[in-house]
Amino acid sequence: MTSRNQTLLSSYQLGQLTLKNRIVLAAMTRASADPDGRPTERMVRYYASFAAGDFAMLITESTYMDNKLSKGSLDMPGITNESHIQGWKRVIDAVHAKGAKMIIQLAHAGALSQWYKDEDVTVAPSSYKPEGERIPAYGPGGEFPVSTALKVEEIKELVQNFARAAANAKKAGADGIELHVGKGFLHDQFLTEYTNNREDEYGGSLENRLRFIVETVQAIRASTGDNFIVGVEISQYKMNNFGFKWPNGEADAKIIFESIAHSGADYIHVTDYVAKAPAFGESGPTLAALAKKYGKIPVIVNGSIMEPEDAEQVLNEGGDLISIARMALANHDWPIKVREGLPLNPFTGNVLADGPTIKDSEMLSVDEI
C-alpha cells in the first residue's frame, strides 16, 4: 500500500459488513438477463471478475421489483420469483467466493420506463409526458407515453412490493439492497415538484414528496431485519434532465438527507457528474459533503472518479467509500492496480459492447469461477 492511497485501500466497517477497502463497483446497466429476468451465467462471470479484481463491494445493475410495470427495459434482471432468486444466488455465491460483498439495486423507472412487454403504459405520481425520448437499445425507442397517475392504494402496494423484493434479495444471499431514488426514476418523480402535482399526503410539501422514499426504506427494513444493509442511491440530475438541481439548494439537501437517514438507511450513495464539484453554484460544499453533514450516516461518493487521487480527495472531504463505473469497465482490477502502483487502462468506447450489455472480454472464463 502506498502512503498516498492509505485511506482508499484501508478496511471499512459498513454496518455488519467488513469491507477490505473503500472501493465499490457502481450500478451500471448491463442488459444481460434472460428475457424473463433470470440472471445468466454471463452475469455470474461478469460480476465475479470485479470481485477477483479486489473490489470490496459490488452494487448490481438496476433490478426490477414486481411483475407489473417496474421492468423498465429489455433484458433487465428481476428479483420477484424463485427463478430470479436462484439465478442471483449463483451470481452472489461466485462474488462471495472471490471475497467481495454484493448489494442488489432495486429500481422502478416509473414514467421513464423504456419498455414493458407489448404495452406502452407507465405509472408515476402524476399524469405527465416526460421530456426527451426513450433509448432504442433498451426497447422500442420513440417518445415517452403520458404516464398514469398512481392511486394511493397502488403506492402502498408498491411499498410492500419493494419490501418483498428486498426479502427475496436476502434469500438469494445478498449482503443488502440499494434503493434507487435518483436519476428521475419513480421515487425521484415523487420527490420532484414538476413531476409530482399530487394534493394528497404524497404531494405538496417536500416532506410529503419524500414520504414514498421514507415508507419504502422503512418497509424494507421491517422485511429484512437489522442484519442486512439497506442503502439509498440519490442524485439531483435525471436521465432526461441533466442540469436539474434541487430548487432550494442546501435547505432541500438538509431535509432530504435527514429524512433518508431517519428512515433507517445504512448509507447514502450520492451520484453527481463530478463528485468534487460544488452541489449548488460555483462554490460551496459538494453534494456528498452535504449528505455527510445532514445524514450523519456512511456516504458512498460517485461521479467522475477516474484516478486514485480523485478517490483520496473525496474520501478526505467526508466520503466514506467511493464507487466507480466507467474506469471499472476499463479496469476490472482497478483496486489491484492502485495497490500495486500499476498504470490504469483509459476508458474508451472499445471497452463497451455494441449495446448496453456485457462484452465477452469482461467476463472470467468458466475455469476461473
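All residue numbers refer to positions in the sequence shown, counting from 1. Only heavy atoms go into these numbers, but all of them, side chains included; no hydrogens, no water, no symmetry mates.
Applying the salt bridge (charged side-chain N to carboxylate O under 4.0 Å, His left out) test to Asp360 and every residue at least two apart in sequence or in another chain returns Arg42. Residues satisfying the side-chain contact (heavy atoms from CB on, under 4.5 Å) criterion with Ser127, sequence neighbours excluded, are Val146. The salt bridge (charged side-chain N to carboxylate O under 4.0 Å, His left out) check on Arg90 picks up Glu41, with sequence neighbours excluded. In this structure, the side-chain contact (heavy atoms from CB on, under 4.5 Å) partners of Ser323, at least two apart in sequence or on a different chain, are Val24, Ala26, His269, Ile300, Asn302. Shown here are the salt bridge (charged side-chain N to carboxylate O under 4.0 Å, His left out) partners of Arg164, two or more places apart in sequence or in another chain: there are none. Every residue two or more places apart in sequence or in another chain that forms a side-chain contact (heavy atoms from CB on, under 4.5 Å) with Ala311 is listed here: Leu8, Ile305, Ile322, Trp334. Legend: residues meeting side-chain contact (heavy atoms from CB on, under 4.5 Å) with Ala353, ordered by chain and number and at least two apart, are Thr357, Lys359. Taking the salt bridge (charged side-chain N to carboxylate O under 4.0 Å, His left out) definition, one finds that Asp272 meets it with nothing, sequence neighbours left out.
Counted by atom type alone, Asp66 and Thr80 present zero donor-acceptor pairs between their side chains at under 3.5 Å. Between the side chains of Asp188 and His180, no donor N or O sits under 3.5 Å from an acceptor N or O. Side-chain atoms of Glu309 and Gln313 form no donor-acceptor pair, as typed in the model, at a separation below 3.5 Å.
At least one donor-acceptor pair under 3.5 Å links the side chain of Asp310 to the backbone N or O of Met306.
Residues Ile135 and Gln114 form a side-chain contact, since some pair of their non-hydrogen atoms from C-beta on lies under 4.5 Å apart.
Taking the ring centroids of Tyr237 and Trp246, they lie at or beyond the 6.0 Å cut-off.
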* Given Thr192 and Lys238, is the side-chain hydrogen bond (donor to acceptor under 3.5 Å, both in side chains) satisfied, shown in steps? -> CA-CA 10 Å; Thr192 303; Lys238 308 173 192 309; 2.8 Å; yes
* Derivation and outcome, side-chain hydrogen bond (donor to acceptor under 3.5 Å, both in side chains), residues Glu61 and Tyr47 -> CA-CA 10 Å; Glu61 62 212 272; Tyr47 283 109; 2.7 Å; yes
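When hydrophobic clusters are built by joining Ile, Leu, Val, Met, Phe, Trp and Tyr residues whose side-chain heavy atoms come closer than 4.5 Å, directly or via intermediates, Val123 is grouped together with Phe190.
Cluster partners of Phe144, by chain and number: Leu112, Phe185, Met239. The rule joins Ile, Leu, Val, Met, Phe, Trp and Tyr whenever side-chain heavy atoms lie under 4.5 Å apart.
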Identify every side-chain donor-acceptor pair in residues 226-233 under 3.5 Å, counting partners at least two apart or on other chains, and give the distances.
| unit_1 | atom_1 | unit_2 | atom_2 | d |
| --- | --- | --- | --- | --- |
| Glu233 | OE1 | Gln105 | NE2 | 2.6 |
| Glu233 | OE2 | Lys183 | NZ | 3.4 |
| Glu233 | OE2 | Thr271 | OG1 | 2.9 |

Tabulate below the donor-acceptor pairs under 3.5 Å that side-chain atoms of residues 277-285 make, not counting sequence neighbours, or state none.
none

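Listed by first then second residue, pairs satisfying salt bridge (charged side-chain N to carboxylate O under 4.0 Å, His left out) with a partner in residues 214-225 read Lys156-Glu215, Arg221-Asp266, not counting sequence neighbours.
Of the candidates Glu157, Glu154, His108, Lys68 forms a side chain to side chain donor-acceptor pair (under 3.5 Å) with just one, namely Glu157.
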